[in-house]
Each structure stands twice: as C-alpha cells, then as structure tokens.
Amino acid sequence: MTVATKKLSELANIFYGASPAAIRVENSDIPIFGTSGFVGYASKPLFETEAIVVGRKGTLGNPIFTPNKFWAIDTTFAVVAKEKIDTKWLYYALLFHDLTKLNEATGVPSINRDRLYNIDITYFGYPEQRAIADILSTLDEAIAQSESLVQKYQSIKQGLMSDLLTRGVDENGELRPSYEESSELYRETSLGWLPKEWEVVELRTFANVERGKFTPRPRNNPKYYNGKYPFIQTGEVAAADGKRISSYTQTLNELGTKVSREFPKETIVVTIAANIGETAILDIPMYVPDSLVGIVVQPPNNVRFIEMFVRSKREYFNAVAPQSAQKNINLSDLRPMLITKPELKEQNRIAEIYETIESALIDEEKNLAKLQLLKQGLMQDLLSGQVRVPPSPAFPQIEKRI
C-alpha cells in the first residue's frame, strides 16, 4: 500500500488564540490552554469544537488535544481539523513532528502560521486515521494509569517513611500508635519523641564513614578512564533517590583505581556537595569520587533502615553545611550525627515494609518506561505508514505489542 502526504493546510484550519485576561473565572467547565497546557478556566469559549492547541510563541512543539469547547491564549494556535479528518489522529501526527524546527526567531522562539500550514503530514483515509487514533489513545490511557500509580506509590512511600522512622513497627508488623494516641509508648530524646525501646547513638558507633576519592586535576583527563571498574557519579546517586544502584555511565582503568577509592556492595553513598544528602545503596562494588561519602554499616544492622534515616536528614545536612558558593558537608558532620537505633528485629521489619512499597514503585516505573517506549515505536510505525492497520476494531499484530 502506497503512502501519500498532504500539507497541513489541506487537513486543517489554523486560528490565533486570544488573551483571556478579562474572562478568567474560578468555577467553569471551559478550560484555558497555554503553550504548556491547562492554565485556568474561562467564562466563555473562544472555540466550540474539538481541536489541537499548538504553542506558537515561547514554548513550542507541545500539541494539546482538547475534545470540547475551550479558550486558547494569544501565544497559541488552535488547529481545527477539516471535514473527514479525524482530530485525534491529526493530534498524534503533529505530536510526531518536531515542531520546534519551525522556529526561525532569533529572540523568543516562535512559529509562523504559514510555515505550520506548509508541513507535510503522512496521509491516510478517514477509517485508517480513526484506527490509528484508537490504538494510540488506548496506549495513552495505559500510560496515564501507570503515571497515576507511580504518583500514588511515591506519595505512600514518602508518608510511610516518616511514620516508620518515628513510630516504628510492633511485633505484629503494625505501625505503633502515634505519640498523640499513646504517649506512654514514647520517651523524649534529642531527636524528639521516639519509641521507648529505641536508642539514640552516633552514626560512627556502628558504621564506617569515609569520603570517596579522586585526586587528579583536571578530572576529565582521559588516561584514568574507560576501563572495567565502575565509577559512580554524583548525578547517578541523586537520580537514585535512595534506591539500590548497579548501573553506571563511567568506568576507571587500572591507573584510575590508584587515585580513587572503592566501596563494597551494600555501602550507602551520600552526596556531600551541591545537592547535599542524596543517597543510594551500592548493589555492586564501585569506585567513588570525593564528592560522595560511603557509609559501610557494620553487621548485623540493617542497611536499608540506616539509609532511610540518613536520607531523612537532608534538612540537617543543609543546615550544617557552610554557607558558601558551593555548600558541602564534611566527615566531621556525618560521623557524630545522631541516629535512631531500634533493635535489629524491628530494623528488619521496618526495612521489609519499606522495601515492599519501593519494589511496587520500581515495578510500576519500569512498566511506565516500557509503555512510553512502546508509544514512541508505534507512533513511528503507524504515523509514517511503515505499518498499516485495517479500518476495523481488530488489530492482532498491534494488540500483541501492547
């Protein structure tokens, strides 16, 4: 089957948005769209049809599908499909294009309407347009559900971590009643009200705390790199947000290992400069630069529990860091840091509960990434005409991929 192309001018009419300043209201069902999406509500619509909002000034290349009446602000275009053109298919077709390439401005990025009208769209008959739109819409719904689950697990994890580190878990695996509910279960400490059974001790009493190392200057001298030894970076720790980490983007060679320091698996690594107090747990041995500190927990203490507590102290780290252009913390701040220390059985129970939520979050993040990658592939296949779909509800080869 051959594939035809048509200019956008053959498929849609393009209208300018308008300033909504005089008609913004608190309560309405008429959304206002700007270049980045929803920005409020309007008392009346500027357009009373489904359409695609495209940023024409400032933020470009972010098409937004709207199924009902709406207002588009004056930094946008409203793209309204012509008869026998499916709006949702056209939305995906515009999303597939890199509209930022239409910018010719030397100052604020902007798109000329004539240039937008002149872009080439791979064209299909209306039934196939509808079929493509249905497939990609189904995938978008799955992505939205996955994003919602990720947000839910992140919220649960954040709230649960706070409770676990202040209330702990009883022998039945349940959170203790709060201090407000059962004050007799708590005692006042230098770290606040904590369960009576918990100790408050210095970190150095049960963990070895050492700074990473990388002495050469300049740091980017290639003679130390591209070997077989993993060399973790500060950004990778910050991105981990407390998770276990085994991936890396840089390696050291034999010469590089002589000017750095290796930490074993299960080491808690902490950023001590720039973004202070970000943490990760090494899932494999890695070499570590001097912008990170390694905390090697002495057995049988639970590494996850200690990591959770250290991560919860970001505000403390920022408070003790010198107020200079480049804030940082030192070993003298970390080693004597006071930390809560439940009995080992309770440490393990706390860590197990946290890891259950963390595991669910990681699984859903992987699922979300898989769906997003699938969408990229399907858009390439379907909107370019590389894969053709019949104009019917049955798409076995596509459904199998989803």
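Residues take their numbers from the sequence shown, with the count starting at 1.
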*Can Leu99 and Leu116 be said to form a side-chain contact (heavy atoms from CB on, under 4.5 Å), step by step?*
CA-CA 8 Å; Leu99 298 182; Leu116 184 57; 4.1 Å; yes
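- Side chains of Thr76 and Thr35: no donor on one and acceptor on the other come within 3.5 Å.
- Looking at Glu199 and Thr340, their side chains never bring a donor and an acceptor atom within 3.5 Å of each other.
- One N or O on the side chain of Asn301 and one on the backbone of Gln298 form a donor-acceptor pair closer than 3.5 Å.
- With sequence neighbours excluded, the residues satisfying side chain to side chain contact (heavy atoms under 4.5 Å, CB included) with Lys213 are Thr215, Arg261.
- In the model, Asn330 has no side-chain atom that pairs as donor or acceptor with a side-chain atom of Ser332 under 3.5 Å.
- Under 3.5 Å, the side chains of Tyr117 and Asn112 contain no donor-acceptor pair of N or O atoms.
- Residues Phe231 and Phe214 place their aromatic rings such that the two centres sit under 6.0 Å apart.
- At a cut-off of 3.5 Å, with distance as the only test, no side-chain donor of Glu128 or Trp89 sits close to an acceptor on the other residue.
- Checked against side chain to side chain donor-acceptor pair (under 3.5 Å), Glu141 has no partners two or more places apart in sequence or in another chain.
- The side-chain hydrogen bond (donor to acceptor under 3.5 Å, both in side chains) analysis of residues 45-72, with sequence neighbours excluded, yields the pairs Glu50-Thr87.
- Between Lys375 and Asp381 there is no salt bridge, since no side-chain nitrogen of the basic residue lies less than 4.0 Å from a carboxylate oxygen of the acidic one.
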